[in-house]
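Counting from 1, the numbers follow the sequence of the chain as shown.
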Amino acid sequence: TSNGAIGQTSRAATWPNSGQSNISPTTRKTYYKFPLSQTAITFIDDIKGLKEFIEYIIGCSEYIYGMDAEFEPSNVLFKGKIAILQIANAKMVHILDMFTLDHIENIEIEFECLMEAFFCNNRIQIVGYGLSNDWSFLSNTHRAFKNIETRRAPNCIDLCNLVTRVTKGLGRALFKL
């Protein structure tokens with residue numbers, strides 16, 4: 001929406017032809033207000049944008065980044081590739097169209113620069129959910145990302161692993177009660 005709120009509408013739902021809201025003021029929900037302006041979101045689908053993103057990473061003082069990936073369809077016989085890679089810090093959101101970038105001639109140099117500037121950078125902390133899947137699919141996306149699981153910096157936090165550890169610990173604690 002134009003006011004930056006996610007999921008929030010400007011008027012209440014109405015019954016057809018009644019002009020009356022079918023949602024009482026006490027049951028209306030409010031949603032998370034996205035804290036950044038639309039200008040803080042960049043969509044990257046060409047070499048120029050990728051180079052600017054890499055320069056941003058190199059010159060940025062932020063060191064905590066969230067990462068999420070959306071995949072192409074895959075099946076048992078074909079392991080998919082990443083279609084969209086979302087990388088964000090407290091100030092900016094970068095959406096990389098990996099499908100389009102992967103089809104650009106000679107993109108390998110920029111992808112290698114991205115590996116070094118972001119994924120292999122020891123000063124950057126990458127936080128995500130299911131990062132092991134992201135690494136696996138990213139390695140299929142382009143040869144520049146092959147073996148990313150072993151090449152990347154070790155300072156990544158996979159929230160999926162954290163949730164698993166916490167819930168296992170809670171499960172044991174609950175059974176002791």
Can you name the nearest heavy-atom pair linking [X] to [Y], along with the distance?
{"X": "Ala153", "Y": "Asn122", "answer": "CB-OD1, 3.5 Å"}
{"X": "Phe111", "Y": "Ala144", "answer": "CB-CB, 3.6 Å"}
{"X": "Gln125", "Y": "Asn155", "answer": "NE2-O, 2.6 Å"}
{"X": "Leu131", "Y": "Ile126", "answer": "CD1-O, 4.1 Å"}
{"X": "Ala117", "Y": "Ile57", "answer": "O-CG2, 3.3 Å"}
{"X": "Leu36", "Y": "Ala90", "answer": "CD2-O, 3.5 Å"}

Flag side-chain contact, heavy atom, 4.5 Å: [X] against [Y]:
{"X": "Arg151", "Y": "Phe119", "result": "no"}
{"X": "Ile54", "Y": "Phe118", "result": "no"}
{"X": "Ile95", "Y": "Thr42", "result": "no"}
{"X": "Ile64", "Y": "Val127", "result": "yes"}
{"X": "Ile157", "Y": "Leu159", "result": "yes"}
{"X": "Ile47", "Y": "Leu50", "result": "no"}
{"X": "Tyr129", "Y": "Val163", "result": "yes"}
{"X": "Leu114", "Y": "Phe53", "result": "yes"}

task = May I ask you to decide whether Lys81 forms a salt bridge with Glu70, counting only side-chain N to carboxylate O separations under 4.0 Å?
result =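 Glu70 and Lys81: not salt-bridged.
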message = Salt bridge or not between Glu52 and Lys48? Use side-chain N to carboxylate O under 4.0 Å.
response =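 Yes.
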query = Who passes side chain to side chain donor-acceptor pair (under 3.5 Å) against Glu108, sequence neighbours left out?
reply =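 Arg143.
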ask   = Backbone N or O of Gly130 within a donor-acceptor pair of the Asp158 side chain at under 3.5 Å?
value =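 Flag set: sc Asp158 to bb Gly130 pair under 3.5 Å.
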key: Main-chain N/O of Asn147 paired with Thr150 side-chain donor or acceptor, under 3.5 Å   =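 Confirmed, Thr150 side chain pairs with Asn147 backbone.
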query = Say you draw a straight line from CG of Asp45 to NE2 of His103; how long is it, rounded to the nearest 0.5 Å?
reply =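 Spacing of CG (Asp45) from NE2 (His103) equals 13.5 Å.
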request  = Output the distance between atom CE (Met67) and atom CD1 (Ile124), rounded to the nearest 0.5 Å.
outcome  =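 Result: 12.0 Å between the selected atoms.
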message = Looking at Tyr63, I want to see if its OH is surrounded by more than 12 non-hydrogen atoms of other residues, nucleotides or ligands under 6.0 Å.
response =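 Atom OH in Tyr63 is not packed in, count stays at 12 or less.
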request  = Verify the neighbour count for atom NZ of Lys91: are there more than 12 heavy atoms of other residues, nucleotides or ligands below 6.0 Å?
outcome  =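 Result for NZ/Lys91: open.
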ask   = Are the ring centres of Tyr56 and His94 closer than 6.0 Å?
value =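 Centroid separation for Tyr56 and His94: below 6.0 Å.
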